[in-house]
There are 2 protein chains.
Amino acid sequence: MKAAPGPKRVIRSTAEFASYVGLARTTVSRVLNGHPGLKTQTVQRVQQAIEETGFTPNAYALHLKGKRTATIGICMENLLTAPAVLKLAELQRRLRERSHASLIEVLPPGGSREVIRHFLSMRVDAVVFIGHFVEEEIARRIDELMTHATPHLVIDQRGVPHADTVALDRASGMRELMAYLLGLGHRSFGLLAITGAARSVQDRLAGIEAGLAAHGLGFAECTRSLDHLHARQNDFEYGRALALSFVAEKNIPTAFVALNDEVAIGAMHGFQSAGLRVPQDVSVAGFNNQDICLMPTPLLTSIDQQIELTVNTSVDQVLSQIGRPPRPHPHVEMIAPKLVVRDSTGPAPKAKSA
Amino acid sequence: MKAAPGPKRVIRSTAEFASYVGLARTTVSRVLNGHPGLKTQTVQRVQQAIEETGFTPNAYALHLKGKRTATIGICMENLLTAPAVLKLAELQRRLRERSHASLIEVLPPGGSREVIRHFLSMRVDAVVFIGHFVEEEIARRIDELMTHATPHLVIDQRGVPHADTVALDRASGMRELMAYLLGLGHRSFGLLAITGAARSVQDRLAGIEAGLAAHGLGFAECTRSLDHLHARQNDFEYGRALALSFVAEKNIPTAFVALNDEVAIGAMHGFQSAGLRVPQDVSVAGFNNQDICLMPTPLLTSIDQQIELTVNTSVDQVLSQIGRPPRPHPHVEMIAPKLVVRDSTGPAPKAKSA
DNA sequence: ACTGAATTAAGACACGTGTCTTGGTCAAGG
DNA sequence: CCTTGACCAAGACACGTGTCTTAATTCAGT
């Protein structure tokens, strides 16, 4: 639009900027920091010059003068899993609302200490972890942060030693789901990809067991898993393969509970391609309540992670810890998930294993 | 694990660190910067102390001494569209490989200048834009960056004035797709959500037209669009609704080309639920080649964005511009997309509109 | 123990900023 | 004219770091 509105030299310091405005550096500094005792005309002159030049004080020099960096380090396990990215997006948004910047790094399993070192060298005010990390590794990173008086928060990975945590109460989510399915008359359950030593998996299993126990049912008798039959993937294809394996069995469960939505949708496709109707013949439930729940027919029943609530709680937590002495004991807060019933779950078929 | 291996006081400067090691600050500084003329034993003593304390020099003070910040600002339109996030992930990874940090901000449409101001105040070495921005807005941001001698790069939004750009050649992708479909005998095409003034849409239309023209066919006669019949959404549901509207018409096209994979998959579901077989009755092609192409039955033919190549090129571009005088003319580089043929496209049905 | 080289200590300055202090200008009021 | 504020200019210092300079220490070789 505008060709060349003036000399437009690059201004790199308050000194240069002050000479551009025609004021002393100290005066400009006082204007920038809102000190009293300045003529309105002077303030306006500076503000106009800022508009013209787009001058911004060097954040690095500011911090050197003791100002907080107002930067939060965000450590992601990866940027490829949809729920984690959603949390990142919401976290970034909330932090920006509260005038904080986000310095994002990806720390893959076995990743080096470099990432934490970088956070420390950038003097971030706190570090937030999102994803599922190797417990031993993340615990060591957090110890390192604590020795540097840098607050931290782990989102959605319960059980890291010494770690302040905000995590989804997966056990309660599964209890709720089981209560719902049991109420529909289901008594035999197929578990899809809910295997492994990870805490998040163990929590789910505990919730399933508790849900069954509330109806006087035993875990071993009522549940079946064929996870071992295929290479573990936790994705769509794995779900489809598991479904087909279940179809090949004699007594197929009437309800299926999946590790996540991808596996659930894959399983639905598997059942459907084998001629089973969902939910008339089998019910299927996912986990995470991602957008893809709306993609298959029928729409997938799932458990919502309550990402907004989780992130909101997390931001409050982590910002409140900045500049404070570390807590004597880690603060752990659990978020209640929410069952979202859609069309993939329904009453148990009557004449089945009778 | 370890209880308290020493005093573990927080070390905030080379001075404190030097007194911890028992050396002069200047000596420590020389070790840290790899100067010659130091006893091996001294170097080791410092390195060991770094291991013990995790000391890191203040990046802010470093920059103040003229060192580059080695930080790239990444400006995202949002963090909710899968392809954009994939680019972000790859970009972050590449930059980290090249020892650069990523400062990520989200700039929604109509967003303020704050974001650019923040980048400038953080003295980022360059700014990369990912997403589809309002052309006028992004052009102004880039002008502002240029007056501050900060290089920039726009990824995948062709046509921003004065902007260095690396973008997907959507026209050529569509040409290739059309050549493929025409080769299969298709002569009537349904366009799904390819409407609007956005350059990325216009490029596709131009590619479609060119593809048809290469076979001596006219755009108006061979293509049909019903986008106006439903509220524009560019998602799964929109695709499904469009498909059902096409089914309700008299002469349904034999091949469908969609704006993206979501719309394509939605359309496939729509056709299938109306009793049409894919690809026997209608062919459907998506765009972006996201993971979800593997979710429906049949697997979706799509056009791959070549994200790795795009990002790789971008990183080379942007890093090479750091510290250099701005180019006289913007550098625009086009990336050739790649047609990925799967199962959703096949020969045109024979006894159709004859 | 003495010399000379090797190594380290110690002080200074610069970077860009905020803030304190001191001195100067200017206009209004006497 | 002088006094009094109100305002601004100008200098100084600090923050943490790299680097230069100069002085002090250590060490190896005699």
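Please read all numbers here as calculations on a predicted model, not as lab measurements. Proteins get letters first, then strands, A, B, ... in listed order; numbering begins at 1 in each.
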Discussion item. Would the base of D/dG16 count as contacting A/Arg123 through its side chain, where contact means a donor and an acceptor less than 3.5 Å apart?
Written reply: no

Worksheet item: With no angle test and no hydrogens, is the base of C/dA10 tied to the side chain of B/Thr26 by a donor-acceptor pair under 3.5 Å?
Response: yes

Worksheet item: Between A/Gln305 and A/Lys87, does any side-chain donor sit less than 3.5 Å from a side-chain acceptor?
Response: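 Note: A/Gln305 and A/Lys87 side chains meet the donor-acceptor criterion.
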
Item to complete: Answer with base, sugar-phosphate or nothing: what part of the nucleic acid does B/His35 contact at a heavy-atom distance below 4.0 Å?
Response: sugar-phosphate

Discussion item. For a quick check of understanding: with a heavy-atom distance under 4.0 Å over all strands, which category does A/Ser29 fall into, base, sugar-phosphate or nothing?
Written reply: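 Contact class for A/Ser29: base.
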
Practice prompt. Send over the distance from B/Leu38 CG to D/dT26 P, rounded to a whole Å.
Written response: 18 Å

Worksheet item: Taking only side-chain nitrogens and oxygens of A/Thr27, does any of them come within less than 4.0 Å of OP1 or OP2 of D/dC8?
Response: no

Worksheet, complete the sentence: Whichever of B/Arg45 and B/Gly66 has the more 5' nearest nucleotide on DNA chain C, that residue is B/Arg45

Worksheet item: Charged N to carboxylate O below 4.0 Å: is that the case for B/Arg94 and B/Glu90?
Response: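 Looking at B/Arg94 and B/Glu90, the cut-off is met.
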
Worksheet item: Is B/Arg113 salt-bridged to A/Glu51, cutoff N-O under 4.0 Å?
Response: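 Salt bridge: yes.
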
Discussion item. Using heavy-atom distances to pick each residue's nearest nucleotide on DNA chain D, tell me which of A/Val28 and B/Asn33 is more 5'.
Written reply: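 Result of the comparison: A/Val28.
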
Worksheet item: What heavy-atom pair brings B/Pro57 and A/Ser121 nearest, and what distance separates the two atoms?
Response: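 Scanning both residues completely, I find the closest heavy atoms to be O-CB, 3.5 Å.
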
Discussion item. Can you tell me which nucleotide in D/dC15, C/dA12, D/dT21 comes closest to the side chain of B/Arg30?
Written reply: D/dT21

Worksheet item: Among the nucleotides D/dC8, C/dT17, C/dA12, which one has an atom lying closest to any side-chain atom of A/Ala61?
Response: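 The closest nucleotide is C/dT17.
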
